[in-house]
Colleague: 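Take a look at this one; I'll ask things after.
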Amino acid sequence: MSRYSALSLLRGAFNGQKHWQPAWRDPEPKAHYDIIVIGGGGHGLATAYYLAKVHGLKNIAVLEKGWIGGGNTGRNTTIVRSNYRQAELHNLFEFGLKMWEHLSDELNYNVMFSPRGSLTLGHSDADMTMLAQRGDAMRCDGIDAELMTQDQVAKFEPLLDMSRSARFPIEGALIQRRGGTARHDAVAWGYARAADSLGVDIIQKCEVTGFVRDGDAVVGVETTRGRIGAGRIGICVAGNSGHVAGLAGLKLPIESQTLQAMVTEGVKPMLRSVIQTQSLHCYISQSDKGGIVFGGDPDNWPSYAQRGNPIIMEQAVAQGLALVPALSRLRMVRTWSGVTDMSFDGSPIIGETPLPNLYLNGGWCYGGFKATPASGWTYAHTLATGKPHALNAPFSLDRFERGATIDENGSGPMPNSR
Amino acid sequence: MMQISCPHCGPRAQNEFVYERTIDSVVALDAAPEEAMKTLFTRNNPRGVDEEIWRHTYGCRAWMVITRHRVTNEISAVRAVGPEALP
Ligand SMILES: Cc1cc2nc3c(=O)[nH]c(=O)nc-3n(C[C@H](O)[C@H](O)[C@H](O)COP(=O)(O)OP(=O)(O)OC[C@H]3O[C@@H](n4cnc5c(N)ncnc54)[C@H](O)[C@@H]3O)c2cc1C
Ligand SMILES: [Zn+2]
């Protein structure tokens, strides 16, 4: 694989840009792999990359039922941050955030990571107390967090409605300046290209339809392209975790729900940061193309439809317009949705399953894009060694029966009340 | 948005209803701890039909069980429930 560089571009200019090659191969599946990763989203591709790069494994495949990055990786609002209150969560996401800061170099692919600041608004004294608590918890573990006064917020993001008569009056904010956004497709493509160049077989249009069993142990997969044997198998299918685990007879603490996003026509720069709030469920940022990207609550009822509900759209947009009234003049040009795997404590699951050789990475709810590098790193460690990495040990599947849930929102086993 | 036929009020817009959980995840009061844990914390979550408890929260407030396909959203049955229907 030739490296991408300014020099190669320049050289190409003299050869009619004829030097470009496909960024990854399109191999036929082999009869057996040491490790199979099911799901070619960012997480699955990152896992395969670190298996090859860090653990030196050679015989790895990623099986993707559609095209790589066509799931939630290509549908999300691309917010990257590590501003969680609980240590298990902020340690995992901070490990990831540090990787984002060098990811373009690591992959030789521009993932357009843009640390423009992740701003969380507070609308009441109670909100500000919660934000201060969260910021303190982060700073105790060496993660950047700053509390902002009302005046500082007004200067930082001047189009916010700071008036006392605002529908959601703004009292202040917590900012993580190192947070921001990244280019979603580039993350999938960058990991795919880098993994492929280390010998990983990326096999698209290959849906896993069943598991091959030897007693309890899982020793292979049935796919739409035939049976493939494997030493270890890692499920990494986001919203389809419940369905795929079900093929092995497992029932998970997960319910699949629709999550939507929408974008307006492109305009000149008007919002500098990613705006979120402590009390509402609406997040707004401006893409590099100029469109204003909105996200909101999940639809709050189970669905695999990948089709959103206008009730939630209206809610997210109404909140966004209340926060930034200037947005009311813009036209919405696109809306879309993805199937997310809402776990029963709101935190991901990365680790072994009760079945030998079968591992699970899922339950990312609406927040897994930011974790892509950390998820891949820890899952690769787990798949290569058969043991969890220190960072994903708390996120085991058996934490629910042990009463060791990681419930950032404190809402108990009801994903629809989150 | 779906239209749901409330057994008491007739066809109404979905935004009057709230989803609760599946019928098989209601924990019986005398369930053993392992059984209660499994019931509360795991779901079939099928990419197909399941039986779900919904409530006409912003209407008559009654509970009901809806048989629904989770890809097509087709509702094949709605039945009223009372306390006697709970395990
Ligand atoms: C609208 C929306 C907005 C979001 N916003 C954010 C955000 O701002 N920040 C953030 O951090 N996170 C966000 N998320 C969450 C984030 O997108 C996901 O947590 C993350 O992308 C999951 O990563 P993945 O690689 O596992 O998923 P995916 O990219 O969905 O990859 C899973 C892959 O598995 C494949 N697959 C499924 N079943 C099978 C099978 N049987 N056989 C083979 N392959 C199969 C799918 O086709 C898919 O490509 C958002 C999600 C949505 C839907
Ligand atoms: Zn009714």
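Chain naming here is simple, since letters A, B, ... match the order of the sequence lines and numbering starts at 1 in each.
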Colleague: Are more than 12 heavy atoms from other residues, nucleotides or ligands located less than 6.0 Å from atom NZ of A:K251?
Modeller: yes
Colleague: Could you tell me whether a side-chain N or O of B:N45 sits under 3.5 Å from a main-chain N or O of A:S256, the two making a donor and an acceptor?
Modeller: yes
Colleague: Around atom CZ of A:R227, are there more than 12 heavy atoms of other residues, nucleotides or ligands at under 6.0 Å?
Modeller: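 Atom CZ in A:R227 is not packed in, count stays at 12 or less.
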Colleague: Taking all non-hydrogen atoms of both residues, which atom of B:Q14 and which atom of A:I311 are closest, and how far apart?
Modeller: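 Shortest heavy-atom contact: C-CD1, 4.5 Å.
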Colleague: Which atoms of B:E34 come close to chain A, meaning under 4.5 Å heavy atom to heavy atom: side chain ones, backbone ones, both, or neither?
Modeller: neither
Colleague: Please check if the number of heavy atoms outside A:E314 that lie under 6.0 Å from its CD is greater than 12.
Modeller: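 Result for CD/A:E314: open.
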Colleague: Which heavy atom of B:F41 sits nearest a heavy atom of A:F344, and at what distance?
Modeller: O-CD2, 3.5 Å
Colleague: Determine whether more than 12 heavy atoms belonging to other residues, nucleotides or ligands lie under 6.0 Å from atom CZ of A:R402.
Modeller: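 It does: A:R402 CZ has more than 12 such atoms within range.
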Colleague: Within the 4.5 Å heavy-atom criterion, are B:P46 and A:H243 side-chain neighbours or not?
Modeller: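 The answer is no, as the side chains (C-beta and beyond) never meet within the 4.5 Å cut-off.
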Colleague: If you count heavy-atom pairs under 4.5 Å with chain A, which of B:R47, B:R70, B:M37 comes out on top?
Modeller: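 Counting heavy-atom pairs under 4.5 Å, the top option is B:R47.
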Colleague: Please classify the contact of B:T72 with chain A as side chain, backbone, both or neither, using a heavy-atom distance under 4.5 Å.
Modeller: backbone
Colleague: Can you tell me if CH2 on A:W336 sees more than 12 non-hydrogen neighbours from other groups inside 6.0 Å?
Modeller: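 Yes, CH2 of A:W336 has more than 12 neighbouring heavy atoms, counting only those of other groups under 6.0 Å.
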Colleague: Within the 3.5 Å criterion, strictly below it, is a donor on B:Y19 or A:Q257 matched to an acceptor on the partner's side chain?
Modeller: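 No - no donor-acceptor pair under 3.5 Å links their side chains.
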Colleague: Just verifying a value: how many Å separate B:N73 CG and A:N309 CG, rounded to the nearest 0.5 Å?
Modeller: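 If I round to the nearest 0.5 Å, the distance is 8.5 Å.
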Colleague: Should the heavy atoms of other residues, nucleotides or ligands under 6.0 Å from CD of B:E52 be counted, would the total exceed 12?
Modeller: yes
Colleague: Between B:M1 and A:P310, what is the shortest heavy-atom contact and its length?
Modeller: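 That would be N-CD, 3.9 Å.
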Colleague: Using heavy-atom distances under 4.5 Å, tell me whether A:D341 contacts chain B through its side chain, its backbone, both, or neither.
Modeller: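 When you check distances to chain B, no heavy atom of A:D341 falls under 4.5 Å.
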Colleague: Nearest heavy-atom pair of B:R68 and A:W301: which atoms, and what distance?
Modeller: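 Taking every non-hydrogen atom into account, NH1-CZ3, 3.2 Å.
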Colleague: How long is the gap from CD on A:E255 to CZ on B:R43, to the nearest 0.5 Å?
Modeller: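 Interatomic distance, A:E255 CD to B:R43 CZ, rounded to 0.5 Å: 5.5 Å.
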